[in-house]
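Below you'll find the structure, written out as structure tokens, and then a few comments.
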Amino acid sequence: MYCCYDGLVLLGVVDRFDEQLLLWNPSIRESLVLPHPKFTLSESTFGLGFDATSDDYKILKIHPNDRLFPKPSSVILALKSGSWRRNCNPPNGSSIPLRDSSHLLHPLVFVHGAFHWVGFGQYYRLVSFSISNEV
């Protein structure tokens, strides 16, 4: 389970050969298989929120870095469009979410139309990412 919002749960299903994301609504016992991600799910953190401006749910995925993307990167899925796209305003190294004691990234919190998390560079900082204008 990566995150939840408004009664919806974002789940990852990973096996040796494939990685898949599901959006699950436990109250009606239905799930939606999300478009196949073109990125690895490991070492990532996710946020799920509702954008009132576009009347759409959006998922933000932040990845600190890997061999494909040597710099921190982020991608966004708007459920209406049904496709992942790279964020034009990716986080810099000092705004990557903190890791917990098991080295997993802290989850993103969605409040008042923006994702929030604690980032760490030289200092701790509160980072906010607006879901509507994606900045």
Can you find a pair of side-chain heavy atoms, one from [X] and one from [Y], that are under 4.5 Å apart?
X: M1; Y: V9; result: yes
X: L34; Y: L10; result: yes
X: L11; Y: Y2; result: no
X: F115; Y: I62; result: no
X: L22; Y: V13; result: yes
X: V118; Y: V127; result: no

Chi angles and distances behind the salt bridge (Lys or Arg N to Asp or Glu O under 4.0 Å) call for D51, K58: CA-CA 7 Å; D51 179 9; K58 291 184 179 179; 3.2 Å; yes

Closest heavy-atom pair and its distance - [X], [Y]:
X: A78; Y: D56; answer: CB-OD2, 3.3 Å
X: L126; Y: W117; answer: CD1-O, 3.5 Å
X: H116; Y: S128; answer: NE2-OG, 3.3 Å
X: F46; Y: K61; answer: CE2-CG, 3.4 Å
X: L21; Y: G12; answer: CD2-CA, 4.1 Å
X: L77; Y: G82; answer: CD1-C, 3.7 Å

Transitive ILVMFWY cluster of V109, excluding itself - 4.5 Å side-chain cut-off: V111

Under the ring-ring contact (aromatic ring centres under 6.0 Å, His included) test, residues paired with W24 that sit two or more places apart: none

Candidate pair L48 and C3, rule side-chain contact (heavy atoms from CB on, under 4.5 Å), full reasoning: CA-CA 7 Å; L48 169 65; C3 62; 3.7 Å; yes

Rounded to the nearest 0.5 Å, how far does [atom2] of [Y] lie from [atom1] of [X]?
X: L60; Y: F129; atom1: CG; atom2: CZ; answer: 5.5 Å
X: D55; Y: F50; atom1: CG; atom2: CZ; answer: 4.0 Å
X: L79; Y: L23; atom1: CG; atom2: CG; answer: 6.0 Å
X: C4; Y: N25; atom1: SG; atom2: CG; answer: 12.0 Å

Single-linkage hydrophobic cluster I28~Y5, side-chain heavy atoms < 4.5 angstrom: no

